[in-house]
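This one's a predicted model, so the numbers in the text were calculated from it and none came from an experiment.
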Amino acid sequence: MFRLVAALVCAGLTAGALAGSASAVPATPAAGTEEIVNGDFSGGATAPWWWTANNPASVVDGRLCADVPGGTTNPWDAIIGQNDLPLAAGETYALTYTASATVPVTVTTNVQQAAEPYTQYFTSADQLTSEPRTFAETFTAKTDDDAAQLAFQIGGSDEAYTFCVDDVSLTGGAETPPYDPDTGSPVRVNQVGYLPDGAKKGVYVTDSTEPVAWSLKDARGTQRASGRTTPLGVDASSGQNVQSFDFSGVTAPGDGYTVTIGGDTSEPFAIGSDVYAELRKDALQYFYVERSGIEIRGDLVGSAWARPAGHLNVAPNTGDNGVTCVAAQPCGYTLNAAGGWYDAGDQGKYVVNGGIATAQLLSEYERTLTAPGASKAALGDGSLRVPERGNGVPDILDEARWELRFLMSMQVPQGQALAGMAHHKLHDAQWTALPTQPTADDQPRELHPPSTAATLNLAAAAAQGARLFRKYDPAFADKLLASARSAYRAAVAHPAVYAPASDSTGGGAYNDNNVTDEFYWAAAELYLTTGESSYRSAVLGSPLWGEGEDVFPQGGFSWGSTAALGALDLATVRGGLTRTQLAEVRGEVTQAADRYAADAADAAYGMPYAPEGGHWVWGSNSQVLNNAVVLATAADLTGRQKYRNAVLGAVDYVLGNNPMNQSYVTGFGERSTQNQHNRIYANQLDPDLAHPIAGSLAGGPDDSLEDPKAEQKLAGCVGAMCYIDDIESYSTNELAINWNAPLSWVASYVDDLGGAGTRDWHGGHGPRG
């Protein structure tokens, strides 16, 4: 989960690498002024266009054409561009161009700063063929720039080809197209299905304010239920006028149900006790294909997702098994930090994000030891398609072990300054291109300085892992506990070592200057694992003890707000708290669940998420699901139906009953996300690559529009409508380990509600796709 910084595209190009350049700097442009010079290449002139030395260009039949070499790695390895383009803040520009390529390729078109940090005002991934195609786009400049750059980044192809462009135009005074996403049918449902005994609700988007008739039909078209909708008015999360319908009384299992209102019909869905069985497995299976440093086997997940091991010092990789610190802050040692999970759309590995993701997988398993009705078999050995299946250890623990080893490998060695602390992150020196396979990553890999937050993430996750691995691998449990203890001691000795927000080149910063929550979480896990009074005192002495709304924030806990992880385990895992103390922490859980359940009841779409100020944040889907984790835990503790219903509302929302009519989980539902921001599985940019594997969760609506694609396409959106299924929209459509972790946890819970423990489990299903 990160903010993609614009790639370095033309810094330091020598005069021999360029052909022509305008020297005059135009004044602030007037609306409608043509900013491109020689956009139609009349008379055969090329100035002021320039190009990199490896793709010489000339005018051919009235178009500027360049011979692009094969075998380049990144889009910016070959460029045609024009500099000195004036942009005015707040002005909307129309950019048009016609382009072709002699082989099918995807090129990147950027309007950006012409020098570091190369901030993008506009970016587009353009799919070209031999037939000329005209592109017409608009964007709004966020800042003044009297010398911006238009760059056609045409590198990154294995094959040599000829690129041609013509009729290039950039003019101000353009009209921003109205925001009008394709949301399909106005009848919204959970596109996967509903449990027989669970709540079954949907939403109808309509201008009408009067109730209308709805009809539920089975796959044969036979009506099974009917009723009238309930008008709800304008939904604050979307700006839509909506009505609701409820068919909870229908319990007959079946596939292909639909709801029809007037001439509109919903996407099909199922009713059944096993509707979440595949989601449970696939949401967890996601972590295997995100593993670093290991071959991803096609016989386990299907050939489309198979790939060689990356980042193991096999050229062009510099590798993760001998990494030293960034040059600006040298450390004089190297670490073998191979393995772990790639974090998100990039191929960085972050201790703070790995910590919460690992903890939620461990808690998903630990719930089977503490909660009534939880299925151990559904998470047992042989339930996943991983290389370790059949080793006598639950597969979910095998998956968590892959990341736990990485987390421990990030500790500063004994004898060094800050010994026992954990390095904050490991990633590339510079951002890599979309797409880039792990084996093709030629950027140096670097350790970034230790932080207190990372150290406490290690302490918490390793301590929890130690108690869960004790039964299966005592030696590994001992190693985990020793690492957790030393990390906690180091954090106490260095309580305010923070990762800077500015450290965001080549990877996300993950800065966090408040680690009170991490101290509480780590002390809680160490106490539950060891029972030692020092950790108990740290828990009870924390300023967060008894402060429920700080532990369980309104918008949901996250990598930067982790106290809830400790409180949830204190409330459910047997420890030495007094009866009064246990009642207090359980009361915090249920009080938070009461708030989230009330939010779900008030929401037209039934999701337990009412962010402060109505502001939908980056990764909002994970926030919805983290609130569902709290609700499910409260349901386990109390048996109250209102908590279960709110969890099901969260699942309904993620799987299609939402303002976008979008299932945010790949492969689940008729309108499921396919193009999450990811460097490995990038079919939208390269048809030879796969889409993300089934079970991959998109980040979801983010109304801050924090990437150029969102700025360009989503201007004017409201809250939960601020989403686009586009690989370039990293702020709305990235995938990440800390988003799939709560999806996996919640999918496990709702599958248990359907009776997973009573079904015959035969292990994982065959490859999908």
Side-chain angles (χ1 to χ4, degrees), residues 9 19 34-46 49-52 54-82 93-112 120 122-139 149-171 174 177 180 182 433-435 674-675 681-691 708-709 712-713 724-729:
V9 295
E34 177 60 70
E35 306 303 340
I36 295 294
V37 178
N38 189 24
D40 61 2
F41 310 103
S42 60
T46 61
W49 294 90
W50 55 261
W51 47 85
T52 45
N54 60 342
N55 56 275
S58 61
V59 176
V60 178
D61 296 330
R63 301 189 299 162
L64 183 64
C65 297
D67 292 325
V68 185
T72 55
T73 301
N74 303 302
W76 54 86
D77 291 341
I79 311 171
I80 287 179
Q82 186 171 140
Y93 292 87
L95 174 65
T96 61
Y97 46 96
T98 300
S100 65
T102 53
V103 300
V105 294
T106 299
V107 302
T108 301
T109 303
N110 287 340
V111 178
Q112 61 189 22
Q120 296 170 345
F122 166 85
T123 186
S124 177
D126 302 334
Q127 296 176 343
L128 304 182
T129 66
S130 59
E131 185 69 25
R133 178 182 173 192
T134 297
F135 299 86
E137 307 283 1
T138 61
F139 67 93
Q149 176 186 87
L150 170 63
F152 295 105
Q153 299 178 357
I154 53 181
S157 172
D158 291 335
E159 295 184 64
Y161 71 97
T162 299
F163 167 84
C164 293
V165 67
D166 192 13
D167 298 327
V168 187
S169 173
L170 178 67
T171 59
D180 186 22
D182 175 14
L434 278 173
Q674 300 291 319
N675 299 305
Y681 306 109
N683 179 269
Q684 185 180 354
L685 300 181
D686 183 346
D688 291 334
L689 299 176
H691 292 289
K709 182 62 66 174
Q712 175 194 352
K713 297 293 186 181
I724 183 171
D725 183 16
D726 190 293
I727 195 169
E728 294 180 275
S729 182

Results of side chain to side chain donor-acceptor pair (under 3.5 Å) for [X] - residues two or more places apart only:
X    : answer
T129 : none
T106 : none
S58  : none
T138 : none

Would you name the heavy atoms of [X] and [Y] that are closest together and state the gap between them?
X    : Y    : value
A151 : I79  : CB-CG2, 3.9 Å
Q684 : D725 : OE1-O, 4.5 Å
A78  : V68  : CB-CG1, 4.0 Å
I80  : A57  : CD1-CB, 4.2 Å
F41  : V165 : CE1-O, 3.4 Å

Under 3.5 Å, is there a donor-acceptor pair between the [X] and [Y] side chains?
X    : Y    : answer
N683 : Q674 : no
N55  : T52  : yes
Q149 : Q82  : no
T134 : T98  : yes
E131 : S100 : no

Check: [Y] main-chain N/O paired with [X] side-chain donor or acceptor under 3.5 Å:
X    : Y    : answer
Q153 : V107 : no
N74  : W76  : no
D126 : F135 : no

Give, for atom [atom1] of [X] and atom [atom2] of [Y], the distance between the pair rounded to the nearest 0.5 Å.
X    : Y    : atom1 : atom2 : result
D158 : T72  : CG    : OG1   : 8.0 Å
R63  : F163 : CZ    : CZ    : 9.5 Å
D182 : I724 : CG    : CD1   : 11.0 Å
L434 : T108 : CG    : OG1   : 8.0 Å

Checklist line | Residue pair K709, S124: steps toward the side-chain contact (heavy atoms from CB on, under 4.5 Å) verdict | finding: CA-CA 7 Å; K709 182 62 66 174; S124 177; 4.2 Å; yes

Next item on the list: Take L150 and L170 through the side-chain contact (heavy atoms from CB on, under 4.5 Å) test and state the conclusion after the steps.
Entry: CA-CA 9 Å; L150 170 63; L170 178 67; over 6 Å; no

Next item on the list: Count the heavy atoms of every other residue, nucleotide or ligand shown that sit under 6.0 Å from CD of Q127, and state whether that count exceeds 12.
Entry: yes

Restricting to side-chain contact (heavy atoms from CB on, under 4.5 Å), what partner residues turn up for [X], sequence neighbours left out?
X    : value
T162 : C65, D67, T102, C164
A682 : P435, L689, I727
D40  : N38, S42, D166, D167
A101 : V105, L128, Y161

Next item on the list: Show your working on side-chain contact (heavy atoms from CB on, under 4.5 Å) between T123 and T109 and close with a plain yes or no.
Entry: CA-CA 6 Å; T123 186; T109 303; over 6 Å; no

Check: After noting the C-alpha distance and the side-chain angles of Q120 and V111, does the key distance pass the side-chain contact (heavy atoms from CB on, under 4.5 Å) rule?
Finding: CA-CA 6 Å; Q120 296 170 345; V111 178; over 6 Å; no

Note to self: Test of understanding: with ring pair (Phe, Tyr, Trp, His ring centres under 6.0 Å), list the residues that count as partners of F122, not counting sequence neighbours.
What the structure shows: F139

